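Bear in mind the structure is a predicted one, so any value in this text is a computation, not a measurement.
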Amino acid sequence: MKARPVPAPEEVLGRVPTGTSLRREIAAAARSRGRESSVRDELGRLRDEIAAIEFESVDLAAARRRVAEASGEEERLKERVAALRGDVRARRAVEAETDEALGDLESAAAALSSAQTERIAAEQALERARERAARARDERERRLELEDRLRNRRREARRELATEAYPAFRDALGSIPGGAPTQAGSAPSAYEGPRLAASLAAVRIADLDASVALGVEAARWLDERGERSPEEVLDAAVVRPDAAPDP
């Protein structure tokens with residue numbers, strides 16, 4: 001299973017509202033400017049380690065059924081052989097014909113030997129399946145541990161990048177209708193202004209390769225506040241998917 005890569009800045013900021021957190025937005029803007037976190041190399045190593053982990057899906061239930069069926073058949077044939085032996089002894093006791101009974105006993109004994117071989121093979125297959133299942137469980141646990149470490153490192157990277165870019169974000173709020181640097185505080189967690197204004201400020205400080213799609217709410221926010229065009233406010237190319245197509 002391949003670990004999810006860090007999303008491109010355009011994936012985070014390519015549409016407003018973004019549907020994500022302010023810290024993610026500012027971190028994406030920082031990445032778009034070529035900024036890298038101090039844990040970048042570790043992130044890559046963790047993703048590679050996760051991608052390298054492979055394990056099979058082991059069907060222990062099927063292996064257990066095979067053992068149960070083989071054991072059941074073996075017990076049935078043991079009883080059959082015991083009954084036929086008793087029949088042969090009884091016929092010999094009265095000096096009756098035993099050829100047919102001996103033939104049945106020989107066939108049953110051969111079938112029992114085959115069933116015992118199958119039962120042993122089934123038990124060995126179950127043991128091998130258990131060993132594979134144990135290895136797969138260990139690999140799953142290892143992957144979960146690495147994925148947990150990766151999530152933690154990603155949070156560290158976002159926190160670091162967002163902290164680094166926060167002064168630029170705070171300044172950009174002054175250019176966003178409805179935004180104000182005084183609402184920013186000292187960190188993303190301290191921001192107290194409108195979320196739309198914050199998203200727009202994050203877009204403004206980003207260097208995106210694609211146009212920014214404004215949703216209805218964002219387009220209305222800009223239209224109702226100020227005379228500048230969205231392109232001027234965001235310093236980026238803008239498309240409005242909510243707008244009616246040209247005739």
Side-chain angles (χ1 to χ4, degrees), residues 1-8 11-12 19-21 24 27-28 31 36-93 97-161:
M1 181 177 179
K2 188 175 181 180
R4 183 176 60 85
V6 176
E11 292 180 42
V12 180
T20 191
S21 69
R24 287 177 185 269
R31 290 200 309 275
E36 297 177 354
S37 74
S38 61
V39 296
R40 177 177 179 271
D41 291 343
E42 185 177 1
L43 289 173
R45 179 179 59 77
L46 287 170
R47 284 194 295 270
D48 290 343
E49 286 189 41
I50 293 170
I53 295 177
E54 295 181 356
F55 53 84
E56 62 180 316
S57 177
V58 182
D59 188 357
L60 284 176
R64 291 191 183 102
R65 283 195 301 271
R66 181 185 172 190
V67 170
E69 291 169 359
S71 298
E73 179 65 4
E74 181 182 5
E75 290 302 314
R76 185 188 71 79
L77 288 169
K78 281 181 179 179
E79 293 175 0
R80 170 71 173 159
V81 167
L84 288 171
R85 282 174 178 163
D87 185 38
V88 169
R89 284 195 297 269
R91 286 178 177 277
R92 284 174 174 168
E97 174 63 44
T98 60
D99 288 351
E100 183 176 352
L102 285 170
D104 291 343
L105 176 59
E106 183 178 352
S107 296
L112 175 58
S113 178
S114 177
Q116 289 171 331
T117 300
E118 167 60 17
R119 188 259 305 162
I120 292 170
E123 289 176 343
Q124 291 174 340
L126 175 58
E127 183 60 26
R128 291 193 298 270
R130 283 172 173 160
E131 291 172 356
R132 295 197 307 274
R135 288 195 297 270
R137 184 171 57 252
D138 290 343
E139 288 298 286
R140 280 195 298 270
E141 291 176 355
R142 177 168 169 262
R143 188 178 69 185
L144 289 173
E145 291 174 0
L146 289 172
E147 288 175 341
D148 187 55
R149 287 171 56 189
L150 179 61
R151 283 191 293 271
N152 289 335
R153 294 298 179 271
R154 281 175 170 167
R155 281 194 290 269
E156 289 178 19
R158 287 194 297 270
R159 188 180 302 113
E160 179 182 328
L161 290 171

ask   = How about L102 and R92: do any of their side-chain heavy atoms sit closer than 4.5 Å?
value = yes
ask   = What closest approach, in Å, do L161 and S37 show between heavy atoms, and which atom pair accounts for it?
value = CD2-N, 3.9 Å
message = Applying salt bridge (Lys or Arg N to Asp or Glu O under 4.0 Å), can you list everything that pairs with E42, at least two apart in sequence or on another chain?
response = R45, R153
task = Would you check if the side chain of S21 reaches a backbone N or O of R24 as a donor-acceptor pair within less than 3.5 Å?
result = yes
request  = Look at R91 together with D87 and state whether they make a salt bridge at an N to O cut-off of under 4.0 Å.
outcome  = yes
message = Just verifying a value: how many Å separate R155 CZ and N152 CG, rounded to the nearest 0.5 Å?
response = 4.5 Å
Exercise answer: donor-acceptor pairs, residues 119-132 side-chain atoms, under 3.5 Å, sequence neighbours excluded:
from, atom 1, to, atom 2, distance (Å)
R119, NE, E74, OE1, 2.8
R119, NH1, E123, OE1, 3.2
R119, NH2, E74, OE2, 3.2
R132, NE, E56, OE2, 3.1

inquiry  = Per the salt bridge (Lys or Arg N to Asp or Glu O under 4.0 Å) rule, what does the pair list look like for residues 97-118, sequence neighbours excluded?
reply    = R66-E118
key: CG on L144 to CD1 on I53, rounded to 0.5 Å   = 9.0 Å
task = Give the minimum heavy-atom separation between P7 and V12, together with the two atoms involved.
result = CG-CG2, 4.0 Å
request  = Please check if the side chain of T117 supplies one atom and the backbone of S113 the other of a donor-acceptor pair under 3.5 Å.
outcome  = yes
task = Test E160 against E156 for side chain to side chain contact (heavy atoms under 4.5 Å, CB included), laying out the working first.
result = CA-CA 6 Å; E160 179 182 328; E156 289 178 19; over 6 Å; no
message = To check you understand the geometry: which heavy-atom pair defines the closest contact between L77 and A111, and what is its length?
response = CD1-O, 3.4 Å
note = The reported gap from CD in E79 to CZ in R76 (rounded to nearest 0.5 angstrom) is 9.0 Å
task = Find the distance between CZ (R137) and CZ (R140) and round it off to the nearest 0.5 Å.
result = 7.5 Å
key: Distance, nearest 0.5 Å, that separates CZ of R143 from CG of D138   = 13.5 Å
inquiry  = If I compare all heavy atoms of V81 with all of L105, which pair ends up nearest, and what's the gap?
reply    = O-CD1, 3.7 Å
Distance-minimising heavy-atom pair for A133 and V58 = N-CG2, 3.8 Å
Separation of L46 CG from I50 CD1 (nearest 0.5 Å) = 6.0 Å
inquiry  = I'd like to know whether R142 forms a salt bridge (charged side-chain N to carboxylate O under 4.0 Å, His left out) with E139, so could you lay out the CA-CA distance, the side-chain angles of the two residues, the decisive distance to 0.1 Å, and finally the verdict.
reply    = CA-CA 5 Å; R142 177 168 169 262; E139 288 298 286; 3.8 Å; yes
